[in-house]
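All of these numbers come straight from a predicted model, not from anything done at the bench.
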Amino acid sequence: MQRCDYLLSQLDVLEAESIHIIREVAAEFERPVLLFSGGKDSIVMLRLAEKAFWPAPIPFPVMHVDTGHNFPEVIEYRDRRAADLGLRLVVASVQDSIDAGRVVEETGRRASRNRLQTTTLLDAIEEHRFDAAFGGARRDEEKARAKERVVSFRDEFGQWDPKNQRPELWNLYNTRIRQGEHVRVFPLSNWTELDIWDYVRREGLELPPIYFAHTRRVFERDGMLLDAETGFANRGEDEPEFEAVVRYRTVGDASCTGAVKSNAATLEQVMEEIAATRITERGQTRADDRSSEAAMEDRKKEGYF
């Protein structure tokens, strides 16, 4: 009698769990959408969605909430990847929300469009009648993320209440909603930043080049290195720009996303660097999340990612 032992690696287990979540949501909801920014987490999530339905195409659209202040390298990657896969790409524009008077653009040195994304996102969900939105959030990013369920309920105003979330037993997810409500779904909940990079390595996924060490003009503010090339970060005269060898741990609005000094130019070097750090990526590189420990939680309650 033959005995076969099937041993799954950690990445295999994480991949299987995420694919199960994606398939479950696609089966239970009428109009799901995958939030895709061109960042490493959404790139991994897109690959998981590919695998979930292969050889059929991904059966739902992808959407990017575009602040208009994104890194050009990321936008180029987003458009190219969507074209390669034949995806329906929905771009929800913060600039359109400003022009329509839905939001008022911030002014001053620390102005950012990052918070304005909330209104744009909720308007797009209502316009397209999306009832489930896949997000790339991971629980190791910061404290508010750790309070999320895999299937995270949003009320008719798009708001999140951590005390009003459904229990999740094992891999059983409550997908019932009423008209006007929706859920955010986080297939990467149990992944870490290092898992993401290890999966990128295993799958041979391409990433925007700013994730790796390169020379860039930056300036320092509050101990963070902000981009000086795009001009989105409102550099003051007392904040001199200089060249440094840096990379980005996360990508987002260039006005508030900081770079880190790094010589990690390969996947292996990046993974070694991440394994040695004890600072979360958002804590190290997102100015909007450093304003207070509750900054992210406040934005999530308003309807943010």
Query - Worked verdict on Phe134 versus Phe186 for ring pair (Phe, Tyr, Trp, His ring centres under 6.0 Å) - result: CA-CA 6 Å; Phe134 291 103; Phe186 303 108; 9.7 Å; no

For residues [X] and [Y], report the shortest heavy-atom separation together with the two atoms involved.
X: Ser37; Y: Val74; value: O-CG1, 3.1 Å
X: Arg138; Y: Leu188; value: CG-O, 3.7 Å
X: His64; Y: Ile75; value: CE1-CD1, 3.7 Å
X: Ile43; Y: Pro208; value: CD1-CD, 3.7 Å

Query raised in the report: Using the ring of each side chain (for Trp, its six-membered ring), is Phe36 parallel, tilted or perpendicular to Tyr77, with breaks at 30° and 60°?
Result: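 The arrangement is tilted - the two ring planes meet at 30° to 60°.
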
**Report entry** Whether Phe53 and Phe60 hold their rings parallel, tilted or perpendicular, with breakpoints at 30° and 60°
**Finding:**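 Perpendicular: the ring planes of Phe53 and Phe60 meet at over 60°.
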
Exceeds 12 heavy-atom contacts within 6.0 angstrom, atom [atom1] of [X]:
X: Lys51; atom1: NZ; answer: yes
X: Arg102; atom1: CZ; answer: no
X: Arg202; atom1: CZ; answer: yes
X: Gln10; atom1: CD; answer: no

Say whether, by atom type as modelled, one donor and one acceptor occur between the side chain of [X] and the main chain of [Y] under 3.5 angstrom.
X: Glu168; Y: Val151; result: yes
X: Thr120; Y: Ser97; result: no
X: Asn234; Y: Gly108; result: yes
X: Asn174; Y: Arg176; result: yes
X: Glu17; Y: Leu14; result: no
X: Glu239; Y: Phe219; result: no
X: Glu28; Y: Val25; result: no
X: Gln269; Y: Ala265; result: yes
X: His214; Y: Val246; result: yes
X: Glu106; Y: Ser112; result: yes

State the [atom1]-[atom2] distance between [X] and [Y], to the nearest 0.5 angstrom.
X: Thr266; Y: Glu268; atom1: OG1; atom2: CD; value: 5.0 Å
X: Leu48; Y: Leu34; atom1: CG; atom2: CG; value: 9.5 Å
X: Leu35; Y: Phe130; atom1: CG; atom2: CZ; value: 9.0 Å
X: Glu241; Y: Leu225; atom1: CD; atom2: CG; value: 12.5 Å

Side chains of [X] and [Y]: do they bring a donor and an acceptor to under 3.5 Å?
X: Asp99; Y: Gln95; answer: yes
X: Ser189; Y: Glu148; answer: no
X: Ser152; Y: Arg154; answer: yes
X: Asp140; Y: Thr192; answer: no

Report task. State yes or no: are the ring centers of Trp160 and Phe153 separated by less than 6.0 Å? Result ->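 Here the rings of Phe153 and Trp160 have centres that are no less than 6.0 Å from each other.
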
Report task. Compute the centroid of each ring, for Tyr248 and then for Phe71, and state whether the two points are separated by less than 6.0 Å. Result ->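 They qualify: ring centres under 6.0 Å apart.
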
Requested in this report: Would you mind telling me which of Arg81, Lys40, Arg80 makes a salt bridge (Lys or Arg N to Asp or Glu O under 4.0 Å) with Glu206?
Outcome: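 So, applying the salt bridge (Lys or Arg N to Asp or Glu O under 4.0 Å) to Glu206 and each of Arg81, Lys40, Arg80, only Arg80 qualifies.
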
Output yes when [X] and [Y] qualify as a salt bridge under the 4.0 Å nitrogen-oxygen rule, no when they do not.
X: Arg247; Y: Glu73; result: no
X: Glu193; Y: Arg249; result: yes
X: Glu105; Y: Arg113; result: yes
X: Arg47; Y: Glu203; result: yes
X: Asp198; Y: Arg201; result: yes
X: Asp253; Y: Arg115; result: no

**Report entry** side chain to side chain contact (heavy atoms under 4.5 Å, CB included) assessment of Gln117 paired with Val94
**Finding:** CA-CA 6 Å; Gln117 293 180 87; Val94 171; 4.1 Å; yes

Requested in this report: With the side chain counted from C-beta on, respond yes when Arg149 and Arg166 share a heavy-atom pair under 4.5 Å apart, and no when they do not.
Outcome: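 The answer is no; the side chains never approach within 4.5 Å.
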
